[in-house]
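Let me begin by presenting the structure, written as structure tokens, before commenting on it.
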2 protein chains.
Amino acid sequence: WVVEAVGLTRVFPDAVAVRALDGVDVRIARGEFVAIMGPSGSGKSTLLHLVGALDRPTDGVIRVDGQDLAAVDDLDRFRARSIGFIFQMHNLLPTLTAAENVAVPMQGIGVPAATRRTRSLELLDSLGLAHLAHRLPNQLSGGQRQRVAVARALANDPSLILADEPTGNLDSTSGGEVVKRFQSLAHEHGKTIVLVTHDPVVALAAGRIISLRDGRIDQDEQVDEA
Amino acid sequence: WVVEAVGLTRVFPDAVAVRALDGVDVRIARGEFVAIMGPSGSGKSTLLHLVGALDRPTDGVIRVDGQDLAAVDDLDRFRARSIGFIFQMHNLLPTLTAAENVAVPMQGIGVPAATRRTRSLELLDSLGLAHLAHRLPNQLSGGQRQRVAVARALANDPSLILADEPTGNLDSTSGGEVVKRFQSLAHEHGKTIVLVTHDPVVALAAGRIISLRDGRIDQDEQVDEA
Ligand SMILES: Nc1ncnc2c1ncn2[C@@H]1O[C@H](COP(=O)(O)OP(=O)(O)OP(=O)(O)O)[C@@H](O)[C@H]1O
Ligand SMILES: Nc1ncnc2c1ncn2[C@@H]1O[C@H](COP(=O)(O)OP(=O)(O)OP(=O)(O)O)[C@@H](O)[C@H]1O
Ligand SMILES: [Mg+2]
Ligand SMILES: [Mg+2]
């Protein structure tokens, strides 16, 4: 399994403890394209952050590529090499250009500068953003920033891509292009994609839809891919 | 007219100057609920920021409630009293609780502390968020932050509400509730709503859809309200 969660639980302290994720079991195989849906506050971002080793569970186990994340020595290195993450709030670095933002993960694994530059421009170009390479995030529209965040997640050609509502700020055309890109990464390049979305059109482009409610899995269904 | 734009233009400097908005004429009457749609980068946020006096045009005129914004003495005060703005990137203050964030516009116009507290809790409650009043933004989900931003925009009971993709991070249920709230504010309370959205379901709830393309108005159509 590329992703295996067993009894995955995340509790946040509060006046009343918040069971943001409450015993989730999930198995995802290589090359799957999985959509995660559910009401606001149902635990989707929490699940994605646990799978992406950006947070630690309170209970239960999360394995990526067969490795228990709790037992990995260098989590930063593990993440930088194998996982591409697209955040719900894009989190571009405000003082770096679009091209420099895309290059950050490559720097993290020691890719030489000239290669970073070339690959960064290619990734931006593949999303129709080449003309924006030199811009700072505050010189971009919301949807342009979101697409730069998509390019950044693909920088190290990761085998697992975790996307938290990557089309929320996109019109149907640019959103459709991002989704087609994910489909091609899964079907033609064997990447595994886990994508959180509120958009049923996007979810139907995936092969499987997992629905969360109150921190638990409510449904887990195969879909005939659109 | 509550909103009147004549030849409204905003150019950003770049290697090639960017005509983000390129001669826009729009008139919006009191009590209208208007949706603005268009491709990523077509100028929607730029238009909203000019109407909301958060940016100045390069050319053309923008009047709100009959006043040329270029001639208003105290723009901050004008904005604080009359305009509620919901940003595409919610922009909650990270060190303030949800309730304190909602209260910020009230502080800006000198509302006493006890009244701010009561009204803030009422507004959060009306969006189903009363139990989150004491949380910091980083203790909230993306959609919860977005709805706190909606509550904040309503704090001073403004006559003009400008919303930049307020449902992008919401599931259909909570998104539908926010849209119904806007409909009621327009139809029952005479508020004027200008809402940017990529979601056709949301746009059809408005009475009119304005479509932008490359900084210009492409279409401006009345809709039979859903
Ligand atoms: N400071 C800036 N310098 C240069 N160009 C800018 C700047 N700010 C915005 N732009 C450009 O102006 C255009 C309009 O931007 P705007 O944010 O209004 O688009 P939008 O319609 O809201 O897009 P989205 O749906 O992606 O939010 C975009 O092409 C953007 O790249
Ligand atoms: N630090 C925290 N302290 C307390 N509660 C938290 C914290 N972080 C998140 N939560 C709560 O955990 C629950 C799950 O949050 P999560 O961000 O995973 O939801 P989500 O499904 O991604 O929602 P959305 O669709 O709105 O993005 C929410 O009810 C949220 O308020
Ligand atoms: Mg989320
Ligand atoms: Mg925008």
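Each chain gets a letter, A, B and so on, in the order its sequence line appears, and its residues count up from 1. All values below come from the heavy atoms of this structure, side chains included, with hydrogens, waters and symmetry mates left out.
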Inter-residue atom distance [X].[atom1] - [Y].[atom2], 0.5 Å rounding:
{"X": "B/Asp199", "Y": "A/His198", "atom1": "CG", "atom2": "NE2", "value": "11.5 Å"}
{"X": "A/Ser45", "Y": "B/Leu140", "atom1": "OG", "atom2": "CG", "value": "12.0 Å"}
{"X": "B/Gln88", "Y": "A/Gln146", "atom1": "CD", "atom2": "CD", "value": "8.5 Å"}
{"X": "A/Met37", "Y": "B/Ser172", "atom1": "CE", "atom2": "OG", "value": "7.0 Å"}

Which atoms of [X] are under 4.5 Å from chain B, going by heavy atoms: the side chain, the backbone, both sets, or neither?
{"X": "A/Gln144", "result": "both"}
{"X": "A/Thr173", "result": "neither"}
{"X": "A/Val18", "result": "side chain"}

Is it true that, when you exclude B/Asp214 itself, more than 12 heavy atoms of the residues, nucleotides or ligands shown sit nearer than 6.0 Å to its CG? no

Could you tell me whether B/Arg181 atom CZ has more than 12 heavy atoms of other residues or ligands within 6.0 Å of it? yes

Out of the candidates B/His134, B/Gln139, B/His131, only one should pair with A/Asp14 under the side-chain hydrogen bond (donor to acceptor under 3.5 Å, both in side chains) rule; please name it. B/His134

Please answer whether the main-chain N or O of B/Ser40 pairs with a side-chain N or O of A/Asp171 as donor and acceptor at a distance below 3.5 Å. yes

Proximal component of B/Val16, with respect to chain A [non-hydrogen, under 4.5 Å]: neither

Could you have a look at B/Ala20, B/Gly38, B/Gly168 and say which one has the most heavy-atom pairs with chain A under 4.5 angstrom? B/Gly168

Could you walk me through whether B/Asn169 and A/Met89 pass the side-chain contact (heavy atoms from CB on, under 4.5 Å) test, one step at a time? CA-CA 10 Å; B/Asn169 280 309; A/Met89 308 271 135; 3.8 Å; yes

